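Written below as structure tokens is the structure these notes are about.
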2 protein chains.
Amino acid sequence: MPRTSTASAIATPSKRPVDDTAEMILDSAETFIQTRGYNGFSYADVASELGVTKAALHYHFATKGDLGIALLERYTERFLIALAAADAADLSAAEKIDHYGQLYLSVLQGRRMCLCGMLAAEHETLPAPMRAAVLRFFDRNETWLSGVLDAGRLDGTLRFDGPAGPVAQSIVGDLEGAMLIARLHDDVDRFTSVLDRLLRSLTAAAHD
Amino acid sequence: MPRTSTASAIATPSKRPVDDTAEMILDSAETFIQTRGYNGFSYADVASELGVTKAALHYHFATKGDLGIALLERYTERFLIALAAADAADLSAAEKIDHYGQLYLSVLQGRRMCLCGMLAAEHETLPAPMRAAVLRFFDRNETWLSGVLDAGRLDGTLRFDGPAGPVAQSIVGDLEGAMLIARLHDDVDRFTSVLDRLLRSLTAAAHD
DNA sequence: GTCTATAACGAGATAGAC
DNA sequence: GTCTATCTCGTTATAGAC
């Protein structure tokens with residue numbers, strides 16, 4: 001089974017954060033949302049973590065919704081860059097899907113939920129622009145996965161029934177669900193087990 | 001593919017709610033948590049929906065955490081009863097797993113998330129007793145599923161690799177994830193598609 | 001068993017000084 | 001760009017009347 005390893009673009013907001021206050025705010029808020037949810041953190045939490053005042057946050061992001069939008073744009077952009085990197089590298093379809101799973105794994109290893117998975121749970125409480133951004137994130141994920149699936153089936157390295165779209169949707173749901181449950185149990189193996197099973201089912205009996 | 005239909009024990013808290021205030025409060029809070037999350041609703045929301053005061057709620061459930069515990073106990077009990085009903089009925093292993101999926105589907109059709117799936121996302125913010133109750137819920141689900149999987153493999157109607165435990169964990173994660181994403185898109189088909197795929201993979205090439 | 005009233009606190013957000 | 005100070009509102013929770 002393939003296992004690529006350059007999947008850290010999403011793992012940590014910034015190892016040594018850029019000396020840009022707005023970015024530091026985004027880093028802090030991102031981690032808070034991924035661990036406590038959008039309704040589970042406040043400007044006071046971020047301010048106290050960064051050692052600044054709430055007013056300083058409001059200068060950079062007037063409202064909590066504005067902060068959320070900025071966060072979603074940055075997260076989606078980074079995720080797409082990571083997917084583009086997988087495209088640029090000369091990987092097989094299975095390796096690309098494994099790479100995709102590694103992106104999730106790297107987030108989970110930080111004891112965090114996928115930002116958009118967390119926001120999906122809370123979506124009824126989000127400002128409309130945030131809801132739309134979450135939907136866009138998943139649409140782009142599914143589009144990328146569908147392309148990989150179709151290419152893999154064409155070159156004979158992947159096998160699955162029916163159109164790629166629903167399979168891509170299943171993959172996203174499987175990984176988000178595995179992450180949700182693995183994080184609850186603080187047990188990364190629950191995630192890797194699902195990822196392995198997924199890759200095996202897509203490659204099983206291909207090449208015959 | 002099998003498709004049983006007596007899966008409404010969990011679908012709606014109570015079609016015509018029992019004339020018991022505590023139960024009505026639980027019904028209302030349950031729906032709020034399933035749609036908005038534990039951190040996305042307040043006593044004021046429940047009170048205004050029921051036309052009573054916040055103080056009345058505090059009489060029945062002193063704290064929000066107490067309300068959450070009572071909710072989790074009721075939800076888990078109902079879920080286990082629904083699983084016991086599947087055991088009592090003379091169903092095949094595949095039909096039992098389908099029945100299990102129908103429980104999720106009935107919740108999703110009410111545009112709600114699984115109570116414990118939602119709380120799993122927010123688990124870092126929950127009082128410790130609630131966290132423990134959420135873990136218990138999933139443990140019991142997995143135990144039941146493992147039993148069904150083992151029985152199905154023994155009688156030759158199901159096929160899967162390795163021990164049943166990790167497969168049971170995958171099933172729970174798949175369904176929770178499918179629910180999370182289907183609800184975001186308000187598209188029930190995304191869930192049924194995953195459930196069909198799951199049942200097919202468990203029954204594929206069995207009976208040979 | 002439910003009410004009014006209120007306490008005590010934290011939330012998101014703003015004004016204006018530095 | 002960040003601060004102090006403040007505003008307003010919503011939150012959980014309690015006291016005590018009915």
Side-chain angles (χ1 to χ4, degrees), chain A residues 14 17-72 74 118-119 122-131 133, chain B residues 14 17-33 35-72 74 118-119 122-131:
Chain A
S14 258
V18 186
D19 186 83
D20 177 357
T21 308
E23 289 294 311
M24 287 174 57
I25 294 168
L26 289 175
D27 290 345
S28 173
E30 186 170 281
T31 300
F32 273 122
I33 295 181
Q34 289 181 295
T35 52
R36 305 178 52 87
Y38 184 75
N39 296 319
F41 87 106
S42 70
Y43 267 36
D45 294 324
V46 174
S48 108
E49 187 177 74
L50 298 182
V52 297
T53 61
K54 290 188 291 173
L57 301 197
H58 280 288
Y59 168 77
H60 292 280
F61 304 99
T63 72
K64 201 182 178 187
D66 291 335
L67 174 55
I69 290 292
L71 215 39
L72 279 162
R74 194 182 71 159
M118 183 66 87
L119 294 176
E122 300 179 289
H123 83 266
E124 281 203 23
T125 70
L126 301 179
M130 284 187 67
R131 254 199 317 267
Chain B
S14 258
V18 186
D19 185 84
D20 176 358
T21 309
E23 289 294 312
M24 287 173 59
I25 293 169
L26 289 175
D27 290 346
S28 172
E30 186 169 282
T31 300
F32 272 121
I33 295 181
T35 52
R36 305 180 52 86
Y38 183 75
N39 296 319
F41 88 104
S42 70
Y43 268 35
D45 294 324
V46 174
S48 109
E49 186 177 76
L50 297 182
V52 297
T53 61
K54 292 185 290 174
L57 301 196
H58 280 287
Y59 168 77
H60 292 280
F61 304 99
T63 73
K64 201 183 179 187
D66 292 336
L67 174 55
I69 291 291
L71 216 40
L72 279 162
R74 192 182 74 160
M118 182 66 89
L119 294 176
E122 300 179 290
H123 83 266
E124 281 201 25
T125 70
L126 301 180
M130 284 187 68
R131 256 200 316 267

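What you see is a predicted model; the values in this text were computed from it and never measured.
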Check whether any side-chain nitrogen or oxygen of B/T63 sits under 4.0 Å from OP1 or OP2 of D/dT12, and answer yes or no.
no
Please tell me if A/H60 has a side-chain N or O lying less than 4.0 Å from either OP1 or OP2 of D/dT2.
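So the side chain of A/H60 is within the cut-off, an N or O lying under 4.0 Å from OP1 or OP2 of D/dT2.
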Starting at [atom1] of [X] and ending at [atom2] of [N], how long is that distance when rounded to a whole Å?
X     : N      : atom1 : atom2 : answer
A/F61 : D/dT2  : CZ    : P     : 11 Å
B/K64 : D/dT14 : NZ    : P     : 15 Å
A/L57 : D/dT4  : CG    : P     : 13 Å
A/D66 : C/dA13 : CG    : P     : 8 Å
B/I25 : C/dG1  : CD1   : P     : 11 Å

For the side chain of A/H58, counting heavy atoms from C-beta on, which of C/dG12, C/dC3, D/dA13 is nearest?
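Nearest to the side-chain atoms of A/H58, counting from C-beta on, is C/dG12.
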In terms of relative ring orientation, are A/Y43 and A/H58 parallel, tilted or perpendicular, with 30° and 60° separating the classes?
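Ring orientation of A/Y43 relative to A/H58: tilted.
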Heavy atoms within less than 4.0 Å of DNA chain C: which residues of residues 40-54 of chain B have one? Give them sorted by number.
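Under 4.0 Å from DNA chain C: B/V52, B/T53.
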Could you give me the CA-CA distance, side-chain angles and deciding distance for A/E49 and A/F41, then say whether side-chain contact (heavy atoms from CB on, under 4.5 Å) is met?
CA-CA 12 Å; A/E49 187 177 74; A/F41 87 106; over 6 Å; no
Quickly, which of B/L67, B/I69, B/L71 forms a side chain to side chain contact (heavy atoms under 4.5 Å, CB included) with B/F61? Name it, please.
B/L67
Does the distance from a Lys or Arg side-chain N to an Asp or Glu carboxylate O, for B/D27 and B/R74, drop under 4.0 Å?
yes
Quick test of your reading of the model: are B/R131 and B/E124 salt-bridged, counting only N-O distances below 4.0 Å?
no
In the structure I gave you, are the side-chain heavy atoms of A/T125 and B/N39 within less than 4.5 Å of one another anywhere?
no
Identify, between A/Y59 and A/A55, the residue whose nearest nucleotide on DNA chain D lies closer to the 5' end.
A/Y59
